[in-house]
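Working notes for the structure below.
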Amino acid sequence: MFAPWSPAFTADPYPAYAELRNRGRVHWFEPTRQWLVPHYADVSALLRDRRLGRTYLHRFTHEEFGRTPPPPGHEPFHTLNDNGLLDLEAPDHTRIRRLVTKAFTPRTVQSLEPTVRRLADELVRGLVKNGGGDLLAEVAEPLPVAVIAEMLGIPESDRGLLRPWSADICGMFELNPSEEAAARAVRASVEFSAYLRELIAERRARPGGDLVSALISAHDEGERLSEQEMVSTCVLLLNAGHEATVNTTANGWWTLFRHPAELARLRADHTLLPTAVEELMRYDTPLQMFERWVLDDIEIGGTVVPRGSELALLFGSANRDPARFERPGDLDLGRADNPHITFGAGIHYCLGAPLARVELAASFGELLRQAPAMRLAAEPEWKPGYVIRGLRELRVEV
């Protein structure tokens, strides 16, 4: 049923999710020693439950929690990851999120819209000029990377470094990553951290209007942001700020090509774009699983899950749960009632969600306008990762 290392499962996990939902509310999965949670109501509630945490180190040592510390050789990755918003709990999470949220206010996101639209226009124009190509590499990836790099003040000449570093670091978020994947993640963590420390030093000497300069300024004004927290925050913003957007773009167009009636509907009525973006995020969720540690015993459907356990909250399954969504297996680009949990919930709700929506609307909108007859050129293949699920490439003809 649940086979996250199987290419067939990665290509279409949704039948297995339906079986999991039918069989109960929580399931033990021995290969990763996790409890799988497939239902929308449970996933939504548990994301907000303070008996769970993204980390346990704010309350317990590894030994107290019954866990083996990570290998010493993985330390650069864990130092980088453990000081970022995604893997912190209060009070550190509260303090850092308060600072970073200032970069994602509605006014700030609105001010970025012209830049996002310009970049989307240029990228799509290039794809059209070439008569097509790999939509993933030529539009989906460059747009969000450029936007986040612009926010961080990373020079254009250095932006080619970012995506490979991000991909290698994110490899550690897959289930039971190999030693080879761990080595790549460690190397990328060291290189990316060193690069950002140089950038921070440069911004200390010559501040600008970018987010790195703003974080330095906040630190100097007594907000207690360490340099490691600055580095980890910048890396997280890049990783989280583009991985979901990249995969929603490519997965979304692959979905549209397989639903020609809905694609024709969208091409005929571009005002559907806002609801279409939400539906594409629900229908084929880019982040399939989000993990939480059980800090205090909890009960799910009559099963007691003890402290020290790890929950795997199945976003992809929750977003297809018929108990919450009418006809969840149907793609409906006009779906009005669509409270998907693609961006999470609770204190770890994705603070970049408004910017991601702007980027998706811009790229889909430009492709609809400039390439109204765009079609699939080759059947795509899925990358081996299941947690962050995306295509290797998406070749199209214009």
Side-chain angles (χ1 to χ4, degrees), residues 7-8 10-14 115-147 159-160 162-164 166-167 242-286 329-335 356-385 388-398:
T10 300
D12 185 13
Y14 298 104
T115 300
V116 174
R117 287 198 299 269
R118 174 180 58 78
L119 290 167
D121 171 67
E122 291 171 359
L123 292 167
V124 173
R125 198 177 298 278
L127 184 77
V128 171
K129 182 180 179 181
N130 293 333
D134 180 6
L135 183 66
L136 184 70
E138 296 178 38
V139 177
E141 285 184 349
L143 177 61
V145 171
V147 172
R159 292 177 187 177
L162 302 181
R163 175 66 175 167
S166 175
H242 81 277
E243 287 289 347
T245 310
V246 168
N247 290 332
T248 296
T249 304
N251 299 2
W253 276 102
W254 171 226
T255 296
L256 289 172
F257 290 138
R258 288 179 292 129
H259 295 81
E262 285 298 286
L263 177 54
R265 180 186 178 195
L266 181 59
R267 282 171 168 163
D269 182 7
H270 292 188
T271 64
L272 280 173
L273 196 53
T275 56
V277 166
E278 301 300 320
E279 176 69 346
L280 291 169
M281 285 193 285
R282 179 200 72 83
Y283 186 83
D284 205 6
T285 311
D330 293 351
L331 183 72
D332 177 5
L333 299 185
R335 189 183 293 271
R357 288 183 166 108
V358 167
E359 292 169 351
L360 291 166
S363 67
F364 276 90
E366 287 302 326
L367 286 162
L368 289 168
R369 281 186 285 274
Q370 296 189 42
M374 185 173 71
R375 61 187 180 273
L376 190 66
E379 189 88 1
E381 292 182 2
W382 293 92
K383 290 187 289 190
I388 302 173
R389 180 170 165 273
L391 300 169
R392 292 184 187 275
E393 62 177 12
L394 187 66
R395 304 209 67 83
V396 297
E397 294 175 346
V398 177

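Note that the coordinates shown come from a computational prediction; the quantities given were computed from them, not determined experimentally. What's counted below: heavy atoms across the whole structure, side chains too, no hydrogens, waters or symmetry copies.
E141 contributes no side-chain N or O that, together with a main-chain N or O of A137, makes up a donor-acceptor pair within less than 3.5 Å. Side-chain atoms of S166 do not come within 3.5 Å of backbone N or O of L162 as any donor-acceptor pair. At least one donor-acceptor pair under 3.5 Å links the side chain of T275 to the backbone N or O of L272. Between the side chain of R389 and the main chain of A11, a donor-acceptor pair closer than 3.5 Å is present.
A salt bridge does not link R282 to E278: none of the charged side-chain nitrogens sits closer than 4.0 Å to a carboxylate oxygen. Residues R395 and E379 are not paired through a salt bridge, judged by the lack of any N-O separation under 4.0 Å between the basic side chain and the carboxylate. At a threshold of 4.0 Å, the pair R335-D330 does not count as salt-bridged, since none of the basic side-chain nitrogens sits closer than that to a carboxylate oxygen.
Counting heavy atoms from C-beta outward, L273 and L368 have side chains that approach closer than 4.5 Å. Counting only heavy atoms from C-beta outward, the side chains of L376 and W253 never approach each other to under 4.5 Å.
With sequence neighbours left out, A371 forms a side-chain contact (heavy atoms from CB on, under 4.5 Å) with V128, M374, V398. Checked against salt bridge (charged side-chain N to carboxylate O under 4.0 Å, His left out), R265 has the following partners two or more places apart in sequence or in another chain: E262, D332.
Ring-plane geometry between Y283 and H259 is classed as perpendicular, the angle between the planes exceeding 60 degrees on a 0 to 90 degree scale with a lower cut at 30.
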**OP:** Begin from the C-alpha positions of L256 and F364 and carry the test side chain to side chain contact (heavy atoms under 4.5 Å, CB included) through to its verdict.
**Re:** CA-CA 11 Å; L256 289 172; F364 276 90; 4.0 Å; yes

**OP:** Check step by step if side chain to side chain donor-acceptor pair (under 3.5 Å) holds for R163 and H242.
**Re:** CA-CA 9 Å; R163 175 66 175 167; H242 81 277; 2.8 Å; yes

**OP:** Before giving the answer on side chain to side chain contact (heavy atoms under 4.5 Å, CB included), spell out for D121 and Q370 the whole-Å C-alpha distance, their side-chain angles and the decisive distance to 0.1 Å.
**Re:** CA-CA 9 Å; D121 171 67; Q370 296 189 42; 2.9 Å; yes

